[in-house]
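Just the heavy atoms: all of them, side chains too, but no hydrogens, waters or symmetry mates, feed the values below.
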Amino acid sequence: METNHHRRILLVEDDSVSAFLLTAQLQKEGYSVLRLADGESAVAFFRSQKEPVDLILMDINLGEGMDGTVAAQEILKCVDLPILFLSSHTEKKVVEKTELISSYGYVVKNSGEIVLGAAIKMALRLFESQKREKETTRALQESEAFFRAVTDHLPFGIAVNSVHPQVEFTYMNESFPKIYRTTMEALQNPDGFWSAAYEDPVFRETLRTRVLSDCDSGNPEQMVWESVPLTRKGEETTYISAQNIPIKEKGLMVSVVWDVTKQQRYEEALKEREERYRLLVENQQDLIVKTDAFGNILYVNPAYCLMFGKSEAEILGHPFFPIVHPDDRPIIEEARKKSNRPPYQVVYNERAWTVNGWRWLACSEKAILNEAGVAEAFIASLRDITDQRNAEIALKKALKEKDTLLRDFQHRTKNSLNMIANMITLKMLSAKSDELRNSFEDLSARIQSVSELYTLLYETGSFEEVDLAAYFEKIVGSMRTTLNDVEIESRLDQAVVSVKAAANLGFILAEFIVNAVKHAFPQGRRGHIQLTLSREESHYRLTVEDNGIGFPKGFNPEKTEGTGLNIVKSIVEQIDGQLTLQTHNGAKIAITFPVEACGLPRFASDRF
């Protein structure tokens, strides 16, 4: 049941009696009434926004002041309220005048309580209805504005349009014409879509026929067109994809379009790279094979098929394992285990049976991991290294033969030198003079030093370098056997030198020791000889020091005519060395020479 409580009516009436009667009547109906006597007061009331009012009951004729219709117009500029006009006049002109101002009705004074009450209620209901309609309209407008704001900023184009008999748009967002590289005005021309979007007439008609056919099918899955080129004269081609969603009850389509130019460029570049790599793989001599985790072959290049005499159709989709040499099977099994573990790559050599018999293959295999880190496929590259392996075998055989020949040569040379040394010893025993005997003894020591060098080379199997400390020990060892009263002590740092340098230094050492034994200890005197080999920064120092009688008084090495010492001086000069002789509690002979002068000179500790 409708109630009038809390409803407030503003009564604008200049006649006090009429105002009194109307107020009583309205209050009886439950309305609250506020009365003003003229139009100016009513306008001022709403301009000041003093109190809320639900309806205005406005007398048209308000005396000498502002007319009721004028006051109503001014009030409606301030507020939106239902205005119900009152008047004693019923002329058509007066009624029409009120209708131009308000649509809530016109009541003739003294029409009775029922008529006035019904008119007021009708006006209030009409106002509420119009208010709700306005709110709904405003909400729709806000929703539409929001929808447009969202769709206009989408990265893809969207439109609502017809397809038959021609393309006509009822809506499109800003992105739609931009993606089609045209304007909204051009697309809104009657059936202007096709000519605006596609310049090439032949391509346009082909595509149009296809699109209309797909739309006629009524199947949304068929209304998808991917990577469609958009060409413009003098401009780069772009690509779009589009989809139509039918609104069957309205005979319209929701058309969605998006730019796929970057994706198309990427796919084209990817295809180009794949083609380039495919040509590279298929035209190389190495064998390429890809298998899944179960060993089924997914890809082989022509070289692989050619090697094993199989066609691609025979191999793809099936496991194919070439016959592997029995000796190499453990290597293959271990390699397959390793390829399933980090770093998921293995390299090995195998022998496989091919159309050309057994061939050596160098294999590099790598696992392809899925997102879970599990090997889902394997790619292997195999290279025929048979010729290389045969060459290596031949080279090893040749080197072995060379080593055998050199070792035989060293052995024969050592034996020849020993035979010469023995013959000299026999001659020395039969010599009738001390001078001749001494000469034979010197010559024997020098030959023995060279013989010991070949002995060391034979024992170590070396042909290019010699451990100088080991060589000196052999020379000293061979001399110790002939000395009874002279002790030789050695302190030798290990050093590696060339064979040539070792031969020269061995000659010098033998010369130093022979001279010390011969001249430092006359008449069977007992003595001691100290031999030292050391490194001093970038130089070697070889010292032979004895505790004998020392050099003769006035001895000058520069003026000596001795053959041995002159040879020593010549060798020292060749290796940029320096020779020094001192007498202090015996004789001391030393040579200092640069490390670089010895071919491969370095201490053994420097080699590691």
Side-chain angles (χ1 to χ4, degrees), residues 226-227 260 262-398:
E226 296 182 344
S227 300
V260 294
K262 289 184 178 179
Q263 178 183 342
Q264 184 70 19
R265 298 274 188 270
Y266 174 78
E267 290 177 356
E268 289 175 354
L270 183 60
K271 287 180 181 178
E272 183 180 346
R273 286 198 297 271
E274 287 179 347
E275 178 65 15
R276 188 162 57 245
Y277 293 143
R278 185 186 65 81
L279 291 174
L280 178 64
V281 169
E282 293 188 353
N283 288 281
Q284 68 171 331
Q285 298 301 313
D286 286 354
L287 284 60
I288 307 296
V289 57
K290 180 180 180 181
T291 65
D292 62 18
F294 303 101
N296 297 310
I297 292 184
L298 305 176
Y299 171 81
V300 289
N301 68 339
Y304 190 95
C305 297
L306 188 64
M307 175 68 75
F308 296 106
K310 299 284 185 179
S311 68
E312 187 177 292
E314 291 179 281
I315 296 177
L316 292 183
H318 306 285
F320 175 73
F321 299 102
I323 299 175
V324 177
H325 196 282
D327 294 345
D328 299 335
R329 287 172 187 168
I331 298 174
I332 306 301
E333 292 175 1
E334 182 63 25
R336 286 175 182 164
K337 293 177 183 178
K338 288 183 177 180
S339 63
N340 277 286
R341 301 192 300 263
Y344 302 102
Q345 187 168 5
V346 64
V347 176
Y348 58 90
N349 294 338
E350 65 175 6
R351 281 166 288 183
W353 185 258
T354 70
V355 293
N356 296 316
W358 290 110
R359 304 294 291 180
W360 275 101
L361 301 177
C363 180
S364 175
E365 184 173 322
K366 183 175 179 62
I368 300 174
L369 308 182
N370 58 21
E371 293 180 356
V374 178
E376 63 179 6
F378 299 89
I379 291 182
S381 172
L382 301 96
R383 175 170 295 181
D384 189 340
I385 59 169
T386 306
D387 294 341
Q388 177 183 337
R389 293 281 298 197
N390 291 339
E392 289 175 357
I393 293 171
L395 179 60
K396 288 180 180 179
K397 182 179 180 181

Considering all heavy atoms of both residues, which atom of [X] and which atom of [Y] are nearest to each other, and what is their separation?
{"X": "Thr291", "Y": "Ile297", "answer": "CG2-CG1, 4.0 Å"}
{"X": "Val300", "Y": "Tyr304", "answer": "CG1-CD2, 3.6 Å"}
{"X": "Gly317", "Y": "Asn296", "answer": "O-OD1, 3.9 Å"}
{"X": "Ala303", "Y": "Asp286", "answer": "CB-O, 3.6 Å"}
{"X": "Phe308", "Y": "Val355", "answer": "C-CG1, 3.8 Å"}
{"X": "Phe378", "Y": "Asp292", "answer": "CD1-O, 4.0 Å"}

To the closest 0.5 Å, what do you measure between [atom1] ([X]) and [atom2] ([Y])?
{"X": "Cys305", "Y": "Glu312", "atom1": "SG", "atom2": "CD", "result": "6.0 Å"}
{"X": "Leu287", "Y": "Leu306", "atom1": "CG", "atom2": "CG", "result": "8.5 Å"}
{"X": "Asn390", "Y": "Ile385", "atom1": "CG", "atom2": "CD1", "result": "10.0 Å"}
{"X": "Asn340", "Y": "Leu369", "atom1": "CG", "atom2": "CG", "result": "9.5 Å"}
{"X": "Glu376", "Y": "Phe294", "atom1": "CD", "atom2": "CZ", "result": "11.0 Å"}
{"X": "Leu316", "Y": "Tyr299", "atom1": "CG", "atom2": "OH", "result": "9.5 Å"}

4.5 Å side-chain heavy-atom contact, Ile368 and Lys290: yes
Would you say the side chain of Asn349 lies within less than 4.5 Å of the side chain of Arg389, judging by non-hydrogen atoms? yes
When you check the side-chain N and O atoms of Asn356 and Thr354, is any donor under 3.5 Å from an acceptor? no
Of Ile379, Val346, Val347, the residue whose pairing with Ser364 passes side chain to side chain contact (heavy atoms under 4.5 Å, CB included): Val347
State whether the number of non-hydrogen atoms from other residues, nucleotides or ligands found under 6.0 Å of Glu226 atom CD is greater than 12. no
Taking it one step at a time, do Arg359 and Asp387 satisfy side-chain contact (heavy atoms from CB on, under 4.5 Å)? CA-CA 9 Å; Arg359 304 294 291 180; Asp387 294 341; 4.0 Å; yes
Taken in chain and number order and not counting sequence neighbours, the residues that satisfy salt bridge (Lys or Arg N to Asp or Glu O under 4.0 Å) with Arg265 are Glu236
side-chain contact (heavy atoms from CB on, under 4.5 Å) partners of Lys337, counting only residues at least two apart: Glu334, Arg341
Non-neighbouring partners of Ala391 that pass side-chain contact (heavy atoms from CB on, under 4.5 Å), sequence neighbours left out: none
Spell out, as yes or no, whether a donor-acceptor pair under 3.5 Å connects the side chain of Glu314 to the backbone of Ser311. yes
